Novice: 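This is the structure I have questions about; it appears just below.
Numbering of residues begins at 1 and proceeds along the displayed sequence. If you're wondering where the values come from, they're calculated on a predicted model, not measured in any experiment. Just so you know, these numbers use all the heavy atoms, side chains as well, and skip hydrogens, waters and symmetry mates.
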Amino acid sequence: MAEENSHSEILSQENGTQEVPPTLVEEGVAELSLSPEKEDETKEVSKKKKKKTKSKKKKGPVEQTDPPSIPVLDLYPSGDFPEGEIQQYKDDNLWRTTSEEKRELELLQKPIYNSVRRAAEVHRQVRKYMKGIIKPGMLMSDLCETLENTVRKLISEDGLQAGIAFPTGCSLNWVAAHWTPNSGDKTVLQYDDVMKLDFGTHIDGYIVDCAFTVAFNPMFDPLLEASREATYTGIKEAGIDVRLCDVGAAIQEVMESYEVEINGKVYQVKSIRNLNGHSIGRYQIHAGKSVPIVKGGEQTKMEEGEFYAIETFGSTGKGYVREDLECSHYMKNFDVGHMPLRLPRAKQLLATINKNFSTLAFCRRYLDRLGETKYLMALKNLCDAGIVQPYPPLCDVKGSYVSQFEHTILLRPTCKEVISKGDDY
């Protein structure tokens with residue numbers, strides 16, 4: 001902190017004229033008559049200062065590069081990230097919009113809201129980029145690596161504080177969910193494929209779970225529209241004190257109003273009855289409540305402050321999935337305590353999982369990336385012990401097609417925020 005000088009120390013008497021340093025005149029400390037020599041000197045200093053000021057150019061807002069490489073933290077230096085789409089609650093909850101008490105509650109929650117909005121902004125920017133580059137002929141492994149590396153850059157990956165929330169699902173055709181290529185997989189994306197691209201981001205464990213479907217052949221458009229509109233319906237129906245079964249019934253009604261003609265055969269689109277949306281907790285992708293996508297679900301109610309992934313799956317098959325194919329997805333059980341392990345290799349692998357993923361889902365590619373090798377036996381041991389849960393691909397009947405759309409919503413005290421909503425969907 002600079003010292004403050006008094007006028008008596010500054011001013012001097014010379015030839016009966018008070019002299020003031022030119023800088024003090026410029027800053028308006030004193031308005032005093034100057035000698036001609038001093039006046040010229042003052043004007044010169046003033047000119048130089050003006051020139052200097054003019055040469056400074058104001059910096060405009062930082063714009064994202066193509067391909068994206070600038071972390072969203074640098075794009076929003078204020079630290080405030082874009083709000084999602086706001087929807088008002090229905091009927092009995094409309095009073096919340098203007099409640100001072102509920103607004104105060106939201107102010108207390110602002111750090112949490114900001115974390116999840118930052119994760120959502122990363123999701124929007126990454127999917128916008130991916131939509132521009134995905135095309136038939138791509139190796140699925142390349143597609144995933146590109147997407148995940150872009151997430152890592154934009155989210156400023158930082159251990160368990162910021163990063164990828166779960167493996168990139170890129171399930172094809174009759175595979176509805178939980179498929180990602182393991183290392184060495186040579187699957188190539190085809191023109192007639194229907195791919196569900198489901199990926200997640202998180203900040204401090206606050207997860208954004210959001211998905212869309214990619215299809216190049218326009219004959220699949222009605223199938224994609226069915227799940228997209230069903231998801232929008234689920235979001236619209238969701239709210240504080242709403243019963244989960246009512247959301248499911250509304251979703252099914254919209255989903256099954258669609259038909260799709262594929263290669264000359266007409267199919268009614270079906271909601272997959274054993275797949276659901278779900279509540280989301282901190283570092284916990286499935287936090288206990290399920291949001292059905294058919295009628296007849298549980299009577300449990302949604303509550304204030306909860307996060308939900310509203311996701312729907314439309315199928316041309318049986319509308320029922322089973323586990324099949326090689327497993328790639330795994331996740332440490334959220335509630336598991338300390339369990340004794342006999343295999344040293346299993347202990348070492350668990351230490352890697354705890355350090356890098358904790359209770360967030362991971363895949364075999366992520367273990368490979370960390371330098372883990374020959375870990376399959378140890379991983380099986382952790383699964384057999386109930387410490388880690390495998391999540392194999394979920395498949396409808398072979399030859400069928402499944403589409404999916406998903407958003408993360410937050411039931412705020414005053415309104416419903418569709419956190420992951422973007423210009424695309």
Novice: At their closest point, which heavy atom of Val418 faces which heavy atom of Gln87, and how far apart are they?
Specialist: CG2-NE2, 3.9 Å
Novice: Using 0.5 Å steps for rounding, measure from the CD atom of Gln284 to the CG atom of Asn333.
Specialist: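 Between Gln284 CD and Asn333 CG, I get 10.5 Å after rounding to 0.5 Å.
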Novice: If you measure only the distance, is there a donor-acceptor pair under 3.5 Å linking the side chains of Tyr308 and Glu306?
Specialist: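 Yes - a donor-acceptor pair under 3.5 Å links their side chains.
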Novice: Is it true that, when you exclude Lys236 itself, more than 12 heavy atoms of the residues, nucleotides or ligands shown sit nearer than 6.0 Å to its NZ?
Specialist: no
Novice: Okay, side chain of Ser400, backbone of Asp396: is any donor-acceptor separation there less than 3.5 Å?
Specialist: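 Flag not set: sc Ser400 to bb Asp396 has no pair under 3.5 Å.
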Novice: Passes salt bridge (Lys or Arg N to Asp or Glu O under 4.0 Å), Lys289 versus Glu298? Steps please.
Specialist: CA-CA 9 Å; Lys289 291 184 180 179; Glu298 53 186 279; over 6 Å; no
Novice: Of all the heavy-atom pairs spanning Gly314 and Val269, show the shortest one and how long it is.
Specialist: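 The answer is CA-CG1, 3.8 Å.
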Novice: Are any side-chain N or O atoms of Thr201 and backbone N or O atoms of Ile164, one a donor and one an acceptor, separated by less than 3.5 Å?
Specialist: no
Novice: Measuring only between side-chain heavy atoms, which start at C-beta, is Ile285 closer than 4.5 Å to Asp209?
Specialist: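 With C-beta onward as the side chain, the pair touches.
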Novice: Identify, with sequence neighbours excluded, every residue that meets ring pair (Phe, Tyr, Trp, His ring centres under 6.0 Å) alongside Tyr425.
Specialist: Phe212, Phe405, His407
Novice: With Glu372 as reference, evaluate Lys355, Arg364, Arg345 under the salt bridge (charged side-chain N to carboxylate O under 4.0 Å, His left out) test and give the passing residue.
Specialist: Arg345
Novice: Where the side chain of His123 meets the backbone of Phe199, is there a donor-acceptor pair that is under 3.5 Å apart?
Specialist: yes
Novice: Quick one: do Arg322 and Asp324 make a salt bridge, cutoff under 4.0 Å?
Specialist: yes
Novice: Return yes if some donor-acceptor pair links the side-chain N/O of Gln268 with the main-chain N/O of Glu256 below 3.5 Å, else return no.
Specialist: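 Confirmed, Gln268 side chain pairs with Glu256 backbone.
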Novice: For the residue pair His278 and Val291, what are the closest heavy atoms and their distance?
Specialist: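 Closest heavy-atom pair between His278 and Val291: N-CG2, 3.9 Å.
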Novice: In sequence, state the C-alpha distance, the side-chain angles, and the governing distance for Asp193 and Tyr401, and then conclude on side-chain contact (heavy atoms from CB on, under 4.5 Å).
Specialist: CA-CA 9 Å; Asp193 282 338; Tyr401 295 93; over 6 Å; no
Novice: Do Tyr89 side-chain atoms and Cys415 backbone N/O form a donor-acceptor pair below 3.5 Å?
Specialist: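 Present.
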Novice: How close do Glu323 and Leu394 get, counting heavy atoms only, and between which atoms?
Specialist: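 Smallest interatomic distance, heavy atoms only, reads CG-CD2, 3.8 Å.
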Novice: Is there a donor-acceptor contact under 3.5 Å from the side chain of Lys421 to the main chain of Ile409?
Specialist: no
Novice: So, Asp368 side chain and Thr373 main chain: donor-acceptor pair closer than 3.5 Å or not?
Specialist: no
Novice: Taking the side chain as everything from C-beta on, heavy atoms only, tell me whether Asp198 gets closer than 4.5 Å to Glu406.
Specialist: yes
Novice: From Thr408 OG1 over to Ile419 CD1, what is the distance, rounded to the nearest 0.5 angstrom?
Specialist: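 Going from the OG1 atom of Thr408 to the CD1 atom of Ile419 covers 6.5 Å.
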Novice: Any side-chain heavy atom of Leu341 within less than 4.5 Å of one from Leu382?
Specialist: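 Yes, close enough: below the 4.5 Å cut-off.
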Novice: Between Glu148 and Tyr366, do the side chains contain an N or O donor and an N or O acceptor separated by less than 3.5 Å?
Specialist: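 The criterion, which ignores hydrogens and geometry beyond distance, is satisfied for Tyr366 and Glu148.
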Novice: Is it the case that the side chain of Asn149 and the backbone of Glu145 share a donor-acceptor pair, with hydrogens and angles ignored and the cut-off at 3.5 Å?
Specialist: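 Yes, the answer is positive, given that a donor and an acceptor are paired below the 3.5 Å cut-off.
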Novice: Given 3.5 Å as the limit, does a donor-acceptor pair link the side chain of Asn276 with the main chain of Gly248, or not?
Specialist: no
Novice: Before accepting this row, confirm whether a basic side-chain N of the pair Arg243/Asp246 lies closer than 4.0 Å to the acidic partner's carboxylate O.
Specialist: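 Yes, this pair counts.
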Novice: How many angstroms lie between atom OG of Ser358 and atom CD1 of Ile353, to the nearest 0.5 angstrom?
Specialist: 11.0 Å
Novice: Around atom NZ of Lys380, are there more than 12 heavy atoms from other residues, nucleotides or ligands closer than 6.0 Å?
Specialist: no
Novice: Please evaluate residues Val321 and Trp174 with respect to the criterion side-chain contact (heavy atoms from CB on, under 4.5 Å), reporting the C-alpha separation (whole Å), side-chain torsions for both, the decisive distance (0.1 Å), and the verdict.
Specialist: CA-CA 9 Å; Val321 293; Trp174 64 89; over 6 Å; no
Novice: Dump the intermediate steps for side-chain contact (heavy atoms from CB on, under 4.5 Å) on Val188 and Met140, then the final yes or no.
Specialist: CA-CA 6 Å; Val188 172; Met140 299 299 279; over 6 Å; no
Novice: Once the angle between the rings of His178 and Tyr391 is folded into 0 to 90°, is it parallel (under 30°), tilted (30 to 60°) or perpendicular (over 60°)?
Specialist: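 Geometry flag for Tyr391 against His178: perpendicular rings.
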Novice: Which atom names give the shortest non-hydrogen contact between Lys332 and Val336, and what distance separates them?
Specialist: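 In this case the closest contact between Lys332 and Val336 is CE-CG1, 3.7 Å.
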Novice: Give the intermediate values and the outcome of side-chain contact (heavy atoms from CB on, under 4.5 Å) for residues Ile207 and Phe307.
Specialist: CA-CA 9 Å; Ile207 298 169; Phe307 288 92; over 6 Å; no
Novice: Please determine if Arg228 and Glu225 form a salt bridge, counting it only when a charged side-chain N lies under 4.0 Å from a carboxylate O.
Specialist: no
Novice: Counting C-beta onward and ignoring hydrogens, is there a side-chain heavy-atom pair between Val72 and Gln125 closer than 4.5 Å?
Specialist: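 Yes, their side chains come closer than 4.5 Å.
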Novice: Testing the basics here: between Leu154 and Ile70, what is the closest heavy-atom pair and its distance to 0.1 Å?
Specialist: CD2-O, 3.3 Å
Novice: For a 4.5 angstrom cut-off between non-hydrogen side-chain atoms, does Thr233 reach Val247?
Specialist: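 The answer is no; the side chains never approach within 4.5 Å.
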Novice: Taking the side chain as everything from C-beta on, heavy atoms only, tell me whether Lys416 gets closer than 4.5 Å to Glu85.
Specialist: no
Novice: Are Asp241 and Lys90 ion-paired here, with the side-chain N under 4.0 Å from a carboxylate O?
Specialist: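 Result for this pair is no, no salt bridge flagged.
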Novice: Is it true that the side chains of Arg96 and Asn93 contain a donor and an acceptor less than 3.5 Å apart?
Specialist: yes
Novice: Quick check on side chain to side chain contact (heavy atoms under 4.5 Å, CB included): which of Leu223, Thr312, Asp221 does Ser403 satisfy it with?
Specialist: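 Answer to the side chain to side chain contact (heavy atoms under 4.5 Å, CB included) test with Ser403 among Leu223, Thr312, Asp221: Leu223.
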Novice: Can we say Glu106 and Arg103 salt-bridge, meaning some charged N sits less than 4.0 Å from an Asp/Glu carboxylate O?
Specialist: no
Novice: Is the shortest side-chain heavy-atom distance between Phe313 and Ser227 below 4.5 Å?
Specialist: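 Phe313 does not reach Ser227 side chain to side chain.
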Novice: A quick test of your reading: do over 12 heavy atoms of other residues, nucleotides or ligands sit less than 6.0 Å from CD of Glu253?
Specialist: no
Novice: Any chance you could measure Glu417, atom CD, to Ile86, atom CD1, to the nearest 0.5 Å?
Specialist: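 Reported to 0.5 Å precision, the distance equals 4.0 Å.
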Novice: Within a radius of less than 6.0 Å around CG of Asp92, do more than 12 heavy atoms belonging to other residues, nucleotides or ligands occur?
Specialist: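 No, because the 6.0 Å sphere around CG of Asp92 holds 12 heavy atoms or fewer from other groups.
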Novice: Has the side chain of Thr180 got a donor or acceptor atom that lies under 3.5 Å from a matching backbone atom of Pro167?
Specialist: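 Not confirmed, Thr180 side chain does not pair with Pro167 backbone.
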Novice: Find the distance between NZ (Lys318) and CZ (Arg273) and round it off to the nearest 0.5 Å.
Specialist: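 So the gap between those two atoms works out to 9.0 Å.
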Novice: Any non-hydrogen side-chain atom of Lys398 less than 4.5 Å from a side-chain atom of Asn173?
Specialist: no
Novice: Taking atom CE as the centre, does Met219 end up with more than 12 heavy-atom neighbours from other residues, nucleotides or ligands that are less than 6.0 angstrom away?
Specialist: yes
Novice: Got a salt bridge between Lys128 and Asp424, using NZ or NE/NH1/NH2 to carboxylate O under 4.0 Å?
Specialist: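 A salt bridge is absent here (no side-chain N lies under 4.0 Å from a carboxylate O).
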Novice: Return the CG to OH distance between Asn114 and Tyr206, rounded to the nearest 0.5 Å.
Specialist: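 Interatomic distance, Asn114 CG to Tyr206 OH, rounded to 0.5 Å: 12.0 Å.
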